[in-house]
Asks: 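Here it is, the structure, as structure tokens.
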Amino acid sequence: MDKRERARLFQERLAQAMTERNLSKSALARAIRADRSTVSLLLSGDTARLPNAQLAAECASELGVSTDWLLGLTDRREKSADILQVAMRMETAERAPSDDAIFRWHEQSRGMKVRHVPATLPDMLKTESVLRFEYGDTLGRTSDQAVTDMRDRLAYLRAPDTDYEIAMPVDALDGFARGDSYWADLPVDLRIEQLQHLKRLTEELYPSLRLYLFDRKKIFSAPITVYGTFQATIYIGRVYFVLSERRQILELTRHFDGLVRDALFEARRMPDFITERLDRLL
């Protein structure tokens, strides 16, 4: 776009924004502390001209649009701060498997592919015993309520339009099987029950549910979820970073797909992998 074309576009957008805000030339001139003749020149069809940076910024601020939009550098009218707020926000993360935000995001992404890296074992695939061990009575919800909520999440996985991929570190599943660290107080019989439950689900729900294991020594991932093309979240413990800008979602999608591409165990082999871990415990 050459200077004359950009000047004409500025003129058109300035006039459009003034009309939408119901501002006359005189009113805009007073608001930006400029002469009415200056505003008239900016709007003149015969002598379209670009303002200096200060004047462009003052016009944009008064009209509630971005300077870049007025100058034709972007098609987004929002100011930079507003764009950032839309593209990334923070939401409180409940310490419970029955997080209402997670349920809402899953519902909004029905029919889309969901990609998930869990913080521990995937909550949707946990047994009732493991849920009670891990969460107990949290945040005003009884463990019974949490279990009921998680049954609803499992029903989501069984829906005919589900396309769900999970990637988790192989050492996280091995650590659970051994009862390491976080799982040290979970009795072995409950760990066996959980592994048997996980094996059944990976057999029953494949290929609509696909579980992959990656090597955390070679590639790292924070807990993330990519909800189709409309949103992605990064979990940091007490809050989620919620991303909705297309490029951000695309980058996290590429990151997840890299975990799947380099996985040590593919989804179709998961039942065999779990059987090996069960054999060591039985």
Side-chain angles (χ1 to χ4, degrees), residues 93 95-97 99 102 114-136 138 143 146-147 150-151 153-154 157 162-226 233-237 240 252-282:
R95 173 59 182 157
D99 189 323
I102 293 176
V114 178
R115 300 166 169 90
H116 179 50
V117 179
T120 60
L121 290 177
D123 279 338
M124 286 180 166
L125 306 180
K126 288 174 181 170
T127 63
E128 295 184 10
S129 298
V130 170
L131 284 172
R132 296 181 195 279
F133 166 83
E134 188 171 3
Y135 293 102
T138 56
S143 54
V147 168
M150 289 313 299
R151 286 174 178 161
R153 308 300 192 269
L154 189 55
L157 289 179
T162 296
D163 187 0
Y164 210 99
E165 286 190 335
I166 299 173
M168 62 180 294
V170 63
D171 63 286
L173 190 53
D174 277 337
F176 174 83
R178 292 191 302 265
D180 290 347
S181 185
Y182 187 82
W183 306 105
D185 296 326
L186 183 64
V188 65
D189 61 317
L190 297 186
R191 286 186 276 123
I192 291 172
E193 178 190 41
Q194 172 64 71
L195 291 174
Q196 291 171 335
H197 178 67
L198 186 59
K199 179 185 176 182
R200 284 194 299 270
L201 290 179
T202 55
E203 289 175 328
E204 173 195 345
L205 300 176
Y206 181 84
S208 59
L209 169 69
R210 301 177 297 283
L211 176 60
Y212 299 86
L213 300 177
F214 63 89
D215 186 350
R216 190 154 41 181
K217 295 191 295 295
K218 295 181 179 179
I219 185 169
F220 172 80
S221 180
I224 65 170
T225 307
V226 182
T233 61
I234 303 173
Y235 176 65
I236 62 171
Y240 299 104
L252 287 180
T253 298
R254 287 173 176 164
H255 165 70
F256 182 93
D257 289 347
L259 297 177
V260 170
R261 184 176 56 252
D262 297 331
L264 293 176
F265 294 91
E266 297 182 355
R268 66 172 183 261
R269 295 181 54 200
M270 278 307 304
D272 294 336
F273 175 87
I274 297 170
T275 296
E276 292 177 7
R277 271 55 187 176
L278 280 167
D279 290 342
R280 297 175 188 177
L281 292 174
L282 295 173

Asks: Distance-only, no hydrogens or angles: does the Gln194 side chain make a donor-acceptor pair with backbone N or O of Thr127 under 3.5 Å?
Replies: yes
Asks: Which heavy atom of Arg210 sits nearest a heavy atom of Ala267, and at what distance?
Replies: CB-CB, 3.5 Å
Asks: Testing the basics here: between His197 and Leu125, what is the closest heavy-atom pair and its distance to 0.1 Å?
Replies: CD2-O, 3.1 Å
Asks: Apply the side chain to side chain contact (heavy atoms under 4.5 Å, CB included) test between Val170 and each candidate in Phe214, Tyr212, Phe273; give the one that qualifies.
Replies: Phe273
Asks: Would you name the heavy atoms of Val117 and Ala222 that are closest together and state the gap between them?
Replies: CG1-O, 3.7 Å
Asks: Can you name the closest pair of heavy atoms from Leu198 and Leu173 and give their distance?
Replies: CD2-CD1, 4.0 Å
Asks: What is the distance from atom CZ of Phe176 to atom OG1 of Thr120, rounded to the nearest 0.5 Å?
Replies: 9.5 Å
Asks: Could I get the full list of side-chain contact (heavy atoms from CB on, under 4.5 Å) partners for Pro118, not counting sequence neighbours?
Replies: His116, Pro122, Ile166, Met168
Asks: Do Leu201 and Leu157 come close enough that some side-chain heavy atom pair is under 4.5 Å?
Replies: no
Asks: What's the spacing between Leu195 CG and Thr275 OG1 if we round to 0.5 Å?
Replies: 9.5 Å
Asks: Can you list everything that forms a side chain to side chain donor-acceptor pair (under 3.5 Å) with Thr202? Sequence neighbours excluded, please.
Replies: none
Asks: For Arg268, give me all partners under side chain to side chain donor-acceptor pair (under 3.5 Å), at least two apart in sequence or on another chain.
Replies: Glu266
Asks: Please enumerate all residues that pass side chain to side chain donor-acceptor pair (under 3.5 Å) together with Tyr164, with sequence neighbours excluded.
Replies: His106
Asks: Do Met270 and Leu213 have side-chain heavy atoms sitting under 4.5 Å apart?
Replies: yes
Asks: Between the side chains of Arg254 and Asp257, is the shortest nitrogen-to-carboxylate-oxygen separation below 4.0 Å, so that they form an ion pair?
Replies: no
Asks: Could you report the tightest heavy-atom contact between Asp123 and Glu134, atom names first, then the distance?
Replies: OD1-OE1, 4.5 Å
Asks: Side chain to side chain donor-acceptor pair (under 3.5 Å) with Arg200: which residues, sequence neighbours excluded?
Replies: none
Asks: Okay, side chain of Arg191, backbone of Ala177: is any donor-acceptor separation there less than 3.5 Å?
Replies: yes
Asks: Report the distance from atom CG of Asp279 to atom CZ of Arg277, rounding to the nearest 0.5 Å.
Replies: 10.5 Å
Asks: First locate atom CG of Asp272, then atom CD of Glu203, and finally report the distance between them rounded to the nearest 0.5 Å.
Replies: 8.5 Å
Asks: Only counting residues at least two apart or in another chain, list the ones meeting side-chain contact (heavy atoms from CB on, under 4.5 Å) with Asp180.
Replies: Arg178
Asks: What's the spacing between Met124 CE and Ile102 CD1 if we round to 0.5 Å?
Replies: 8.0 Å
Asks: Stepwise, does the side chain to side chain contact (heavy atoms under 4.5 Å, CB included) test hold for Val114 with Thr225?
Replies: CA-CA 7 Å; Val114 178; Thr225 307; 3.8 Å; yes
Asks: What pair of heavy atoms forms the shortest contact from Ile224 to Leu252, and how long is it?
Replies: CD1-O, 4.3 Å
Asks: Calculate, to the nearest 0.5 Å, the distance between atoms CG and CZ belonging to Asp174 and Arg280 respectively.
Replies: 6.5 Å
